[in-house]
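Report on the following structure.
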2 protein chains.
Amino acid sequence: MEQAILEAAERLFLERGFALTSTTDIAREVGCNQSLLNYYFRSKERLFQMIFEDKVRVLLSSLKEPMDSNIPFLDKVRVLCEGHFDIVSRNPRVPLFLLHEIHTNLQRLESFKEIINGILGDISPLFEKELNREMQKGTIRETTFFDILMTMVSLNIGVFLFHPILEDVLVQHQIHVENMLRARRKENARILLVSLLP
Amino acid sequence: MEQAILEAAERLFLERGFALTSTTDIAREVGCNQSLLNYYFRSKERLFQMIFEDKVRVLLSSLKEPMDSNIPFLDKVRVLCEGHFDIVSRNPRVPLFLLHEIHTNLQRLESFKEIINGILGDISPLFEKELNREMQKGTIRETTFFDILMTMVSLNIGVFLFHPILEDVLVQHQIHVENMLRARRKENARILLVSLLP
DNA sequence: ATTATCTATAGATCTATAGATAATGC
DNA sequence: ATTATCTATAGATCTATAGATAATGC
């Protein structure tokens, strides 16, 4: 039951957000009593926090691996970007969910930052070291880790943020969603890479 | 009063979204009675719709002008992109607001599409004609209006979506928000342009 | 007279808790 | 005995409406 509640809560919170999801809705989805949520999770807010923090971790998990490998810097950037796209692709509702919940309740930014700092703290120095080396060699233009990350994340979450709006356009132009996504995955990485060239 | 209600509603809806804003909140903000909202706007939903549709129009308004001028195609793209950034910059909460309200209530997609089609219907053929000409000349690579738009909007709304998250990073690195925004405005247009080169 | 504003309230939620009952593990 | 589940409900919203009063325009 505890697990079933978590899963139903995840589905509903991701779909409608905290405010529009009532504990009664979740209980109905699970097929149990509303008061059972409080038995296991103490309050709606705490149940929500578990989902929220889990999703933050999931979304950031993609950033870690590529930095450890031994390939050239620009290849790392490509792997990083495509890996990030894949994670977002498997969790298409998560970016908008996190952004909205942070904007409407800045308290949540705290736990978000804790998690993100834990992960970026590891990667950032490694990445910046390599980045500086390349910039000195002149193989890439003057930039920062911050800028690269911003470009990458903006491009990669774009398609998923616009998904409901795009659906219409795609049908109209007879484009298959999967084809478009595959193309965008490559295109985003390509854009990120050319944006780095001098 | 009617105007005051609209303004307060706009502020609160943009800040917290439909679900977290009560008509009582709006009335308190205005300093009037809660039932007055129903007198002027019939229901919370209808009041919301006025704001929502207005914001859709505002956000799309930036797309129109540059297409009419007589400058080279790539310059048009730059002007389009920087103009779009400026509009978003003046309405930093609007993108997330619209995206969230559409996702949580797909009904709203209908009025959104009507407005967007009205505006894109004008621009799209003009843009595509010039685009095709350039592609044939070989001055830009094979692409579509759809892809260019997606890249542009993704990049331009990024900074504003991440704003609360970034604030911390900026303070830490002693970067002024305005400087960062100015840099991003130029950088986004630059990225969009290099992404189009063969 | 008409329009604008207020008071009061019905009816529908929604969350959390108290306390009862059922199921499980020793 | 302990843990899991349910019933019932208090107390806090929240939206929309009915009907009273105040302000305005002719």
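In what follows, every chain begins at residue 1, and chains take the letters A, B, ... in the order their sequences are listed. None of these values were measured; they are calculated from a predicted model. Scope of the values below: all heavy atoms of this structure, side chains included, with no hydrogens, waters or symmetry mates.
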Would you be so kind as to tabulate the donor-acceptor pairs closer than 3.5 Å made by side chains of residues 163-181 of chain B, with sequence neighbours excluded?
unit_1	atom_1	unit_2	atom_2	d
B:D168	OD1	A:K113	NZ	3.2
B:N179	OD1	B:R182	NH2	2.9

Query raised in the report: With Watson-Crick and G-U wobble geometry limited to distances under 3.5 Å, how should the secondary structure of DNA chain C be encoded in dot-bracket form, using | for bases paired to another strand and [ ] for crossing pairs?
Result: ||||||||||||||||||||||||..

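- The CD-P distance, from B:E2 to C:dA4, rounds to 8 Å in whole Å.
- Applying the salt bridge (Lys or Arg N to Asp or Glu O under 4.0 Å) criterion to A:E101, with sequence neighbours excluded, gives A:R108.
- Closest approach of B:L63 and B:I123 over heavy atoms only: O-CD1, 3.3 Å.
- Remark: C1' of D:dT2 and OH of A:Y40 are 13 Å apart, rounded to the nearest angstrom.
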I'd like a table of donor-acceptor pairs (distance under 3.5 Å, sequence neighbours excluded) in which one partner is a side-chain atom from residues 8-17 of chain A, with atom names and distances.
unit_1	atom_1	unit_2	atom_2	d
A:E10	OE2	A:K55	NZ	3.1
A:R11	NH1	A:E29	OE2	2.3
A:R16	NH1	A:D25	OD2	3.2

**Report entry** Sequence-aligned protein contact record of nucleotides 9-21 of chain D, with B where the base is within under 4.0 Å of a protein heavy atom and S where only the sugar-phosphate is
**Finding:** -----SBBB----

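- Judged as a salt bridge (Lys or Arg N to Asp or Glu O under 4.0 Å), and not counting sequence neighbours, the contacts of B:R78 are B:D75.
- Within a heavy-atom distance below 4.0 Å of DNA chain C, no residue of residues 9-16 of chain A is found.
- Between A:N33 atom CG and C:dA22 atom P the separation is 14 Å, expressed in whole Å.
- The salt bridge (Lys or Arg N to Asp or Glu O under 4.0 Å) test applied to A:R190 returns A:E187, not counting sequence neighbours.
- B:I191 belongs to a hydrophobic cluster whose remaining members, ordered by chain and number, are A:L155, A:I191, B:L155; membership requires side-chain heavy atoms of ILVMFWY residues under 4.5 Å apart, directly or through intermediates.
- Taking atom CZ on A:F41 and atom C1' on D:dT5, their separation rounds to 14 Å, with Å as the unit.
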Could you pull out every donor-acceptor pair under 3.5 Å between side chains of residues 125-132 of chain B and any protein atom, sequence neighbours left out?
unit_1	atom_1	unit_2	atom_2	d
B:E130	OE1	B:K76	NZ	3.4
B:E130	OE2	B:K76	NZ	2.4
B:N132	ND2	B:E128	O	3.1

Distance-only check: which donor-acceptor pairs under 3.5 Å involve side-chain atoms of residues 144-153 of chain B, not counting sequence neighbours?
unit_1	atom_1	unit_2	atom_2	d
B:T144	OG1	B:D147	N	3.0
B:T144	OG1	B:D147	OD2	2.9
B:D147	OD1	A:R184	NE	3.3
B:D147	OD1	A:R184	NH2	3.0
B:T151	OG1	A:R184	NH1	3.4
B:T151	OG1	A:R184	NH2	2.9
B:T151	OG1	B:D147	O	3.0

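- For the ring-ring contact (aromatic ring centres under 6.0 Å, His included) test, no residue two or more places apart in sequence or in another chain qualifies with B:H103.
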